[in-house]
Amino acid sequence: MGKFYITTPIYYVNAEPHVGHAYTSIAADALARYHSLKGDDVFFITGVDEHGANIEKISAEKGVSPQQYCDQMAPTFTNLWKKLNISYDIFLRTTSELHKRGVAKFLNSLHESGDIYKDKYEGYYCRPCESFYTEKELGEQKVCPVHRLPVEWVEEENYFFALSKYENRLLEHIRANRRFIQPDSRRNEILSVIESGLKNVSISRASVSWGIPLPFDPTHNIYVWIEALCNYITALDFDETGEKFRTYWPADIHLMGKEITRFHAIIWPAMLMSVNLPLPKQVFGHGWLTKDGDRISKTTGNIIDMNALIDEFGLAAFRYYMMREFSFGNDGDFRHDRFVLRYNADLANDLGNLLNRTLGLVSKHFGVIPNPTTPGEFDNEVKQIARETVNEVDSLMSRRAFDAALEAIWEFVRRVNRYIQQTQVWTLAKSEDGKGRMGTILYNSMEALRTVAVLISPFMPDTADRIRQQMGLDESFNAQGLDTVAQWGGLPSEIPIMKPEPIFPRKDTKSVQSNSVDGAEEANLISFNQFQSLDMRVAEVIAAESIPNADRLLKLQVDLGGEQRQIVAGIAENYMPDDLIGKQVILVANLEPATIRGIKSQGMLLAAADGKGLAVATFEKTMLLGTRVR
RNA sequence: CGCAGGGUAGAGCAGUCUGGUAGCUCGUCGGGCUCAUAACCCGGAGGACGUGGGUUCAAAUCCCACCCCUGCAACCA
């Protein structure tokens with residue numbers, strides 16, 4: 001029994017939460033609940049990151065103040081956590097006084113440690129982007145890659161943190177503590193990043209106004225990442241002598257998506273070293289989810305509709321799928337058909353049906369939880385596997401192998417189904433002798449189910465609760481910890497059970513459709529006039545060449561019948577230049593010209609790309625060049 | 001030589017750190033049971049663990065080289 005301090009990242013409020021955020025938070029919640037079950041004093045924090053140039057920009061676009069914008073966004077997160085039943089203790093907003101106070105205290109300590117210095121920061125700067133670019137990114141024309149506007153050479157005084165000073169200490173710490181960075185693939189990556197040399201990092205921005213001022217120089221705001229990392233201690237009301245801080249720090253685990261492991265495994269520990277605070281025990285960067293093999297993206301409509309899934313299958317099914325299907329450290333592919341499969345096979349058939357068949361027999365022959373009067377074959381095996389499962393789950397949870405932990409629990413569920421089969425319980429009611437044995441087998445099955453309910457409660461708290469209720473147990477059984485199932489026989493007898501009802505009704509596979517891209521394509525009708533505003537023409541490709549250092553681009557010369565155009569097309573992965581020469585294509589002729597990779601493009605040719613490849617639209621027979629297409 | 005991840009049964013994945021008869025789910029084929037949600041249970045078929053080389057008594061696992069996929073970034077009007 002100890003304490004367990006667990007964190008998710010504070011999520012950036014530049015957009016509403018999506019399934020990736022949910023994934024991290026569900027995992028954190030399962031781990032937090034598991035440690036509660038073990039009897040640990042758990043402290044679980046999450047929150048939102050609200051400062052920075054990006055937020056300033058987005059709020060300006062929406063015509064509201066940054067604070068108003070953040071006030072609108074924060075509830076979209078808390079509402080989702082409520083829907084997902086996330087049992088956090090503190091939801092920290094970086095605009096809160098609690099956070100600002102802690103940040104000021106921490107930054108002052110950092111300053112006093114002597115690792116902060118002022119220096120000139122210089123580079124090419126794009127004002128609309130509010131960021132610096134390297135010469136390589138700007139290309140030959142020295143324009144911003146996003147806005148295509150000229151950049152300016154800016155020199156800015158900034159404060160820096162002497163990160164490079166901690167290279168060796170970080171390496172030593174990571175090498176000496178195998179579990180400090182997990183999974184191993186991330187650990188190796190971080191090691192190689194540090195080995196290749198660390199640069200000192202800028203920790204302030206004079207040009208960004210939406211932020212927290214540096215306590216020792218209020219003319220600068222703290223760079224948002226530096227300030228955000230502090231949330232892990234500011235949420236504890238940071239003060240080295242404060243009670244919460246002394247109780248819970250260092251964190252037992254910082255959970256996050258793999259893209260931000262570097263900040264947590266390098267910069268954050270170095271800052272803590274600088275002020276002589278203990279380091280978090282573990283930084284875990286989990287994998288990303290894709291959907292149907294493709295990146296999850298709002299613009300392509302390839303999103304996972306959590307609300308629809310939860311409405312149809314229930315929260316338990318959603319949380320179960322997320323934790324069972326993917327190996328936590330690796331990337332995973334979210335597939336709707338797999339979701340339905342998991343639901344039916346694991347939840348409905350294995351667990352739901354086991355509960356239902358067991359309680360059905362109890363209800364028919366006893367009405368109350370029977371007494372285990374008559375031991376027999378297979379009983380001890382079931383008991384032993386129950387005990388082993390509890391131990392195995394514990395070891396797997398400590399490795400954050402959620403999928404394997406659930407698999408271990410389900411192995412036990414299947415074992416109990418087999419137990420019922422092997423003992424042929426339903427045939428025993430015929431004699432008085434048999435009835436004693438029957439009661440014992442059913443008692444054991446129910447005790448097994450109670451064990452399962454406790455073990456799955458971190459993942460599916462509501463399901464554990466429903467199992468308990470159907471078994472006739474009162475709420476005092478909710479609070480029971482892991483130790484009560486490590487010992488067999490904690491289930492009381494003679495308690496009336498409830499009417500058995502399927503907790504996971506089977507879903508018909510055929511009626512369940514993959515809700516993929518189709519949904520995003522409806523609506524958005526345009527008028528005929530809008531369509532007519534497109535000037536599309538028959539054109540012939542008369543020359544084509546590839547563009548150096550551009551994998552996807554071809555430079556084409558096309559003939560519109562009397563007029564020649566140069567266009568750049570992103571089709572190089574599917575067409576060799578020579579394939580196109582002589583082909584008639586459809587050219588959008590009145591598109592505004594653009595410069596791509598330094599080459600002028602005066603139009604665009606029509607093509608379609610599906611998952612497998614790309615094809616340029618052409619004509620069924622040869623047409624007069626320059627003819628309008630409609 | 002841009003960065004990262006991956007290639008293990010028909011499908012989806014674990015196992016690789018710590019070398020020792022290749023594992024899970026689904027599907028498929030055959031059988032059993034009839035308490036239960038057309039559920040459950042038993043058995044079978046199906047694998048050069050991407051390729052080649054090396055280390056070792058022993059390699060999916062360690063080392064080297066290569067091939068192929070997938071993201072991200074640079075360009076996708």
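Each chain gets a letter, A, B and so on, in the order its sequence line appears, and its residues count up from 1.
Comparing the same atom, C1', in G15(B) and in A74(B) gives a spacing of 37 Å after rounding to whole Å. Spacing of P atoms, G5(B) relative to C64(B), comes out at 15 Å, to the nearest Å. Comparing the same atom, P, in A59(B) and in G52(B) gives a spacing of 15 Å after rounding to whole Å. Comparing U25(B) with G44(B), their P atoms are spaced 14 Å from each other, to the whole Å. Nucleotides A65(B) and C24(B) are separated by 33 Å at their C1' atoms, to the nearest Å. The P atoms of G23(B) and G43(B) are separated by 14 Å, rounded to the nearest whole Å. Rounded to whole Å, the C1' atom of A58(B) lies 30 Å from the corresponding atom of C68(B). For the C1' atom pair drawn from C49(B) and A60(B), the interatomic distance equals 4 Å after rounding to whole Å.
Using a 90° window around 0 for the glycosidic torsion, A74(B) falls outside it and is classed as anti.
Residue contacts shown for Asp346(A) are absent, as no nucleic acid heavy atom lies under 4.0 Å away. The residue Gly332(A) sits apart from the nucleic acid: no heavy atom pair falls under 4.0 Å. Within 4.0 Å (heavy atoms only), Ala569(A) reaches sugar-phosphate atoms of the nucleic acid but no base atom. Counting any heavy atom pair closer than 4.0 Å across all strands shown, Val568(A) reaches sugar-phosphate atoms only and no base atom.
Arg186(A) has its CZ atom 14 Å from the C1' atom of C3(B), to the nearest Å. Atoms CG (Asp184(A)) and P (A4(B)) sit 16 Å apart, rounded to a whole Å. Atom pair Ile190(A):CD1 and C3(B):P shows a separation of 16 Å (rounding to whole Å applied). Atom CZ of Phe328(A) and atom P of A14(B) are 14 Å apart (whole Å). As a whole-Å value, the separation of Met604(A) CE from C75(B) P is 18 Å. Between the CD1 atom of Ile567(A) and the C1' atom of C75(B) there is a distance of 16 Å, given to the nearest Å. Phe402(A) places its CZ atom 22 Å from the P atom of U25(B), with the value rounded to the nearest Å. Atom pair Arg262(A):CZ and A4(B):P shows a separation of 7 Å (rounding to whole Å applied).
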TODO: May I have the step-by-step check of ring pair (Phe, Tyr, Trp, His ring centres under 6.0 Å) for Tyr321(A) and Phe459(A), ending in yes or no?
DONE: CA-CA 10 Å; Tyr321(A) 180 77; Phe459(A) 301 97; over 10 Å; no
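Between Val416(A) and Ala448(A), the shortest heavy-atom distance links the atoms CG2-CB, 3.6 Å. Shown here for Leu491(A) and Met471(A), the closest heavy-atom pair between the two residues is CD1-CE, 3.9 Å. Pairing each heavy atom of Leu560(A) with each of Leu587(A), the nearest pair is CD2-CD2, 3.8 Å.
Nucleotide C72(B) has G2(B) as its partner under the Watson-Crick or G-U criteria, with both atom distances under 3.5 Å. Across all strands shown, G27(B) forms no Watson-Crick or G-U wobble pair with both distances under 3.5 Å. Nucleotide A9(B) has no partner under the Watson-Crick or G-U criteria, as no pair reaches both atom distances under 3.5 Å. The pairing partner recorded for A45(B) is none, the criterion being a Watson-Crick or G-U wobble arrangement whose two distances lie under 3.5 angstrom. Base pairing of U16(B) is not made with any nucleotide, judged by Watson-Crick or G-U wobble geometry with both donor-acceptor distances under 3.5 Å.
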Open item on the list: Return a single string for nucleotides 30-40 of chain B, one symbol per nucleotide in 5' to 3' order, where B is base contact, S is sugar-phosphate-only contact and - is none, cutoff 4.0 angstrom on heavy atoms.
Closed with: --BSSBBB-SB
Show the atom names and distances, to 0.1 Å, of all donor-acceptor pairs under 3.5 Å that link a side chain in residues 353-367 of chain A to residues at least two apart or in another chain.
residue	atom	partner	partner atom	Å
Arg357(A)	NH1	Asn417(A)	OD1	2.9
Thr358(A)	OG1	Leu354(A)	O	2.7

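Side-chain contact between Leu428(A) and Ile441(A) is present, with at least one heavy-atom pair separated by less than 4.5 Å.
Distance from the side chain of Asp333(A) is smallest for C13(B) among the nucleotides C13(B), C24(B), G5(B). For Trp288(A), the side-chain atoms get nearest to G71(B) when compared with the rest of G71(B), U25(B), A11(B). The side chain of Glu325(A) has G12(B) as its nearest neighbour among C24(B), G12(B), C3(B).
Heavy atoms from other residues, nucleotides or ligands lying under 6.0 Å from CZ of Arg565(A) number more than 12.
For Gln182(A) and Arg399(A), the side-chain atoms include no donor-acceptor pair closer than 3.5 Å.
Applying the side chain to side chain donor-acceptor pair (under 3.5 Å) test to Ser493(A) and every residue at least two apart in sequence or in another chain returns Asn371(A).
Residue-to-nucleotide proximity on RNA chain B shows that, of Arg338(A) and Leu341(A), the 5′-proximal contact is made by Arg338(A).
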